[in-house]
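I have placed the structure first, in the form of structure tokens, so that the comments after it can refer back to it.
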Amino acid sequence: MTTAFIGQPISRVDGRQKVTGGATYAAEFDVRGQAHAAIVRSTVAKGRIASIDSAAAERAPGVIAVVTHRNAPRLAYRAHKAVVDPDVGERLHLLQDDRVSHQGQPIALVVADTLEQASHAATLVRVTYAAETAATEITRVEPVLPTRQQTDQGERRPPETRRGDAEGALAAAGVKVDQTYVIPRENHNPIEMHATIAAWEGNRLTLWDKTQWVHNTADEIAAVFGIPPENIRVVSPFVGGAFGSALRTWPHVTLAALGARVAARPVKVMLSRREMYYGVGYRPHTVQRVALGASRDGRLAAIVHDGYQETSTYEEFTEALINPTRFLHSCPNLYTRHRLAPMNVHTPTYMRAPGEVSGIFALESAMDELAVALSIDPIELRLRNEPQQDEFRKLPFSSRSTRECYRVAAERFGWSRRNPKPRSMHDGRWLIGWGMASATYPMNHAPASAKARLLPDGTAEVTSAASDMGPGTWTSMTQVAAEALGLPIERVKFTLGDTRLPRAPVHGGSLTMASVGSAVQAACRSAREDALARAGANDITDAMRRLGRPIEASADVKPGDAGQRFSMHAFGAVFVEVAVDPDLGETRVRRIVGAYGAGRIINPKLARSQSIGGMIGGIGMALMEHSVVDARNGRVTNANFAEYAVPVHADTPPVMDVIFVDENDPHVNPLGVKGLGEIAMVGVAPAIANAIFHATGKRIRSLPVTPDKLL
Ligand code: MOS
């Protein structure tokens, strides 16, 4: 009997439930007596509501209530900011006044017996606006420095940094590239749309919600309604993808609770696919200048990375756009600046590898341009600029496997057979291109709690209020628990997704295994030791039977101080083969090979699944995804799956190789993991764009690389 489960390719413990429909997602819960609500949204981007007439809607069949700013209860809106909320600014106060700050802002809520009745009545609400001129085009807004810059899940850094004299060194450099890279707004498109059911019992509230952080949903809604967080229970056992869209608590959650209060009945709200483009955040449009100067032998002399991104007029959302540039490659002279373009849009949010994935597209595209200018192999260019330490924080890396990643991925890919000349490789009439890029993402770690309960029947219950938006937290935590307990895995039941369980941090920033995993491991070890000591036994099953009553242990685990002594990041290398149709400009990704130094891998099967998911996300970013904003009114003209293209099976390459290089990093956290969800997407888009350059000789600096740009 083995109890070594960490590192084993164990299948999802909730796999059967998911494929048989037994896993219940937020909108699939039903509460007795529930009504349904539909949200009426602003059709202008800025101004005031001049008039709102809800009489016809109120008379429509089945309608229980129509809530507008004229009749809505005043909500407390106490101050509350979590790590997922922008540092600066204030969230929208829903239905509290006549102001409109963005297209699609909720301006009324219709509650009815059925969803059809609510949706129909919502169309009967008559609204007129005193519209004002809105800022909806990023190129017409003067970017400003943020009041503060929040990066890496709370680590604060100035929006402008310097070392040496970057502009001077750039001017003096023998070889330079200086270009601007643009990434349009992208929207999260998880299969499961956001939904909330709210049910009040007196001053107590239960929410069934799609969320990556149950406790924060409780804290935020408690602040909005001015009630203690302990009065709110949030239930969220399954999340059908999120990519960051369920990190914050969005307006529809408040509206569900508000509707339920007004109607005095439980209320269900579910966003349509179209509403996903207005009701939750999105990856902000970014514009980045990257200038690189180098000596003829390929040593970087100067890096300038100056980027800005869209945000709303009411909150300063910032992401880690520039951060990796400060340490990824060695360079004595560096200037970075990160600015914001406040516009009449709703606040953007984190979307998979938020910041890093966008910044690295610009930096690693520029590195490829420099390699071409120098006639140096792109891997060799990176090797010549491999830093000895983190030159921004002046700290050693806890571990950094970039060299190993370049080596193993290049070997698996067959990079040595590449003819560096653009348009030199063909497959019949298709142009073939090979490109590569580096990847990095920080090791994030936050305080977490867990509880283990050993039962006399030889089974164990382990709990933590974590989430699982897809990486396999249900499964990987069961592995960690079973190994720490020394029990067969089928006798261990791990449960997550409920505020009644011990508090866990946000399920984002790739920090769940480092944080919750460490807490689960600690709670299980402590329960096991306690049981063995009390029973005076050597065998844990024996001890549990002999004790004849449950043994419980809890653990609260906080990050140690290694973060002050080391720079801790995962690193990787991504290699891509594309085929481009020379007549139609269509790009097909044929192969992706990614190698990652991401610390210990708890479950290689789930880790591979995570990684190919990130690669596919990168294909979407590189070739397809673009939320097209109509400058006249801030409307997203393609807010649907027919016109917002995401990769489908037919778009995924037949070869997706994922290699995890051995990395034994004793510094990062007790489990030695660095996190994997986000780095898997980093580097994919620039590797594809670089491969497209190699195939076609055309450098496309504005994503997505659609056929029109190649013709
Ligand atoms: Mo991720 S963008 O931190 O859900």
Side-chain angles (χ1 to χ4, degrees), residues 82-87 150-155 183 185-194 209-217 236 238-250 276 280-284 286 309 311 317-321 323-324 347-361 439-446 448 466-473 476 496-497 504-517 569-570 598 609-611 613-614 616-618 620-621 625 627 646 673-685:
V83 67
V84 294
D85 301 307
D87 269 7
Q150 176 189 316
T151 63
D152 297 3
Q153 279 69 36
E155 192 179 333
I183 303 169
R185 182 190 296 188
E186 298 165 4
N187 275 84
H188 317 70
N189 269 294
I191 288 292
E192 181 204 14
M193 281 149 321
H194 284 248
D209 187 34
K210 172 183 179 128
T211 175
Q212 291 170 244
W213 197 2
V214 286
H215 276 102
N216 187 60
T217 301
S236 182
F238 295 98
V239 177
F243 315 109
S245 66
L247 292 168
R248 287 192 84 186
T249 304
W250 299 108
M276 294 285 290
V280 301
Y282 52 89
R283 191 193 300 289
T286 50
Q309 49 146 112
T311 189
F317 172 75
T318 62
E319 57 180 18
L321 189 63
N323 295 21
T347 308
T349 194
Y350 302 104
M351 179 166 155
R352 200 168 191 175
E356 282 84 1
V357 80
S358 305
I360 290 279
F361 166 69
T440 186
Y441 193 80
M443 195 295 291
N444 291 314
H445 186 187
S467 281
D468 184 354
M469 65 170 146
T473 311
S476 55
L496 54 70
V506 62
H507 181 50
S510 300
L511 58 64
T512 297
M513 183 47 74
S515 314
V516 179
H569 305 264
S609 175
Q610 268 280 71
S611 300
I616 294 166
M621 179 179 194
E625 297 192 48
S627 306
V646 295
V673 300
K674 287 183 173 175
L676 192 61
E678 328 254 347
I679 193 173
M681 187 167 170
V682 180
V684 178

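Whatever order the structure lists them in is the order used to number ligands and atoms, beginning at 1.
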With a 4.0 Å heavy-atom cut-off (strictly under), which part of [X] contacts ligand 1: side chain, backbone, both or neither?
{"X": "Met351", "result": "backbone"}
{"X": "Val506", "result": "neither"}
{"X": "Met469", "result": "side chain"}

ask   = Taking only residues two or more places apart in sequence, or in another chain, which ones meet Ala353 in a side-chain contact (heavy atoms from CB on, under 4.5 Å)?
value =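 Ala353: side-chain contact (heavy atoms from CB on, under 4.5 Å) contacts with Val357, Tyr441, Glu678, Val682.
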ask   = Could you give the distance from CG (Leu496) to NE2 (His507), rounded to the nearest 0.5 Å?
value =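 Leu496 CG to His507 NE2: 8.5 Å, rounded to 0.5 Å.
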query = ring-ring contact (aromatic ring centres under 6.0 Å, His included) with Phe243: which residues, sequence neighbours excluded?
reply =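 With sequence neighbours excluded, Phe243 shows a ring-ring contact (aromatic ring centres under 6.0 Å, His included) to no residue whatsoever.
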query = Between His194 and Ala242, is there a donor-acceptor pair closer than 3.5 Å when you use the side chain of the first and the backbone of the second?
reply =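 Absent.
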task = Please say whether Tyr350 places an N or O atom under 3.5 Å from an N or O atom belonging to ligand 1.
result =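 No: no nitrogen or oxygen of Tyr350 is under 3.5 Å from one in ligand 1.
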message = Quick check on side chain to side chain contact (heavy atoms under 4.5 Å, CB included): which of Met469, Met351, Gln212 does Leu247 satisfy it with?
response =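 Going through the options one by one, the only one that passes is Gln212.
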Of all the atoms in ligand 1, which lie at a distance below 4.0 Å from a heavy atom belonging to [X]?
{"X": "Arg352", "result": "2 (S)"}
{"X": "Gly509", "result": "1 (Mo), 3 (O)"}
{"X": "Gly244", "result": "2 (S), 4 (O)"}

query = Side-chain contact, heavy-atom cut-off 4.5 Å: Leu321 with Thr286?
reply =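 In contact.
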